[in-house]
Amino acid sequence: MPELPEVETIVQQLRAQGLEGQTICSIDVHWAPIIAPLSDKQFKHQLCNVSITQVGRNGKWMIFSLDSNQTLLVHLRMAGSFSFSPSLYDRIVLHLSDKRSLYYRDTRKFGRWKLVDHPEEILDKLGPDALTSHFSQSYFGTALSSRKRKIKALILDQSCVAGLGNIYADEALWEAKIHPCHPANTLTDSQIKALFHAIKKVLKLGVKNRGTSLGDGKTNYRDLDGISGNNRGAVKAYGRAGQHCNRCQTPLEKITVAQRGTTFCSHCQKIDVAASTDSQKIS
DNA sequence: GAAGACCTGCTA
DNA sequence: TAGCAGGTCTTC
């Protein structure tokens, strides 16, 4: 599942592959709902003969700046990926001026492409990107202080902090030794500090390792070259239910939080009694 | 705040 | 063959 580190890896690769400066000569759309609300015809009309000036990222959104004064925003959602080689699950193909073709692959068809005049209308709804200085400890503390939601639900909320998905949320909470159901507004200052640094740490490690791949190549993350990320070996919690905690050897447990599978260590990530009581009152 | 919808490949 | 996985939007 592409989260911040996976999206960052793909953005870096697209830049390195010289996508900036390329002109889109023609387009194939094999699954039109991805580009909604534009029609196939509108999309091609607005994007053909347009050059890509810059490739960037904010949270999990990829940002393709264009010389037409429009912006193409791409969200990979669950299973989107890019490649310069074709595959069975290509949904959109951009044919470029240097004769290469950029294939957008998406087995589950969940990804979304937004060709817009004002990208800020979408991007301003996001909280600060987790790896920028805008995501500061003081911001994080303030953001948590007024929210009673379970901490995992809150850090998955892109309007609070942009970039975390299920994998890195579990990893950050394990790293900070915080129970995923802990009410956000009852975390202590030291817990907030620990979680803030844990979020930065696990995401930076994810970027360094070029993303996390867990399953097969059809449904799981692959980079631009079809290569798995190397972060799987660094994963301490996500997907390890039943295996021993790397810190205390207690078998990791799996529960559902915010409708997501959630793996944690019931020994390291305890919820304190006062907070637990508050949680019951809230729910 | 929670559940359903969108999707399809994989697993039990 | 039913159920699961998951990011975000919509609906209740």
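Residue numbers start from 1 in every chain, and the chains themselves are labelled A, B, ... in the order their sequence lines are given, proteins ahead of strands.
- Contact detail for A/Cys48 and A/Cys25: the closest heavy-atom pair is SG-O, 3.9 Å.
- Phosphate contact (OP1/OP2 of B/dT8, side-chain N/O of A/Lys109, threshold under 4.0 Å): present.
- Between A/Arg112 atom CZ and B/dC7 atom P the separation is 7 Å, expressed in whole Å.
- Residues A/Arg57 and A/Asp129 are paired through a salt bridge, judged by an N-O separation under 4.0 Å between the basic side chain and the carboxylate.
- Closest to the A/Gln259 side chain, of the nucleotides B/dA2, C/dA5, C/dG7, is B/dA2.
- We find that CG of A/Asp157 is positioned 13 Å from P of B/dA2, with the value rounded to whole Å.
- Atom-to-atom, CG of A/Asp106 to P of B/dT8 comes out at 10 Å; the value is rounded to the nearest Å.
- Protein atom NE2 of A/His30 is 18 Å distant from nucleotide atom C1' of B/dC7, rounded to whole Å.
- Nucleic acid contact for A/Lys114: none, since no nucleic acid atom lies under 4.0 Å from a heavy atom of the residue.
- Computed from coordinates, the A/Phe110 CZ to C/dG6 C1' distance equals 7 Å when rounded to whole Å.
- Taken to the nearest 0.5 Å, the SG atom of A/Cys181 stands 12.5 Å off from the CD1 atom of A/Ile178.
- Between A/Lys150 atom NZ and B/dA3 atom P there is a gap of 9 Å when expressed in whole angstrom units.
- In this structure, the CD1 atom of A/Ile167 is 13 Å from the P atom of C/dA5, given to the nearest Å.
- Aromatic ring centres of A/Phe135 and A/Phe196 lie closer together than 6.0 Å.
- At the phosphate of C/dG6, OP1 or OP2 sits under 4.0 Å from a side-chain N or O atom of A/Tyr238.
- At a threshold of 4.5 Å between non-hydrogen side-chain atoms, the residues A/Ile10 and A/Tyr221 count as touching.
- In this structure, A/Arg108 places its CZ atom 11 Å from P of C/dA5, rounding to the nearest Å.
- Remark: A/Asp40 engages A/Lys44 in a salt bridge, criterion side-chain N to carboxylate O under 4.0 Å.
- Side-chain nitrogen and oxygen atoms of A/Tyr89 include at least one within less than 4.0 Å of the OP1 or OP2 phosphate oxygen of B/dG9.
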Please list, pair by pair, any protein nitrogen or oxygen found under 3.5 Å from a nitrogen or oxygen in nucleotides 8-12 of chain C.
{"unit_1": "C/dT8", "atom_1": "OP1", "unit_2": "A/His75", "atom_2": "NE2", "d": "2.6"}
{"unit_1": "C/dT8", "atom_1": "OP2", "unit_2": "A/Lys60", "atom_2": "NZ", "d": "3.3"}
{"unit_1": "C/dT8", "atom_1": "OP2", "unit_2": "A/Gln158", "atom_2": "NE2", "d": "3.4"}

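- Evaluated for a side-chain hydrogen bond (donor to acceptor under 3.5 Å, both in side chains) with A/Thr262, the options A/Lys254, A/Lys150, A/Lys152, A/Glu253 yield exactly one hit, A/Lys152.
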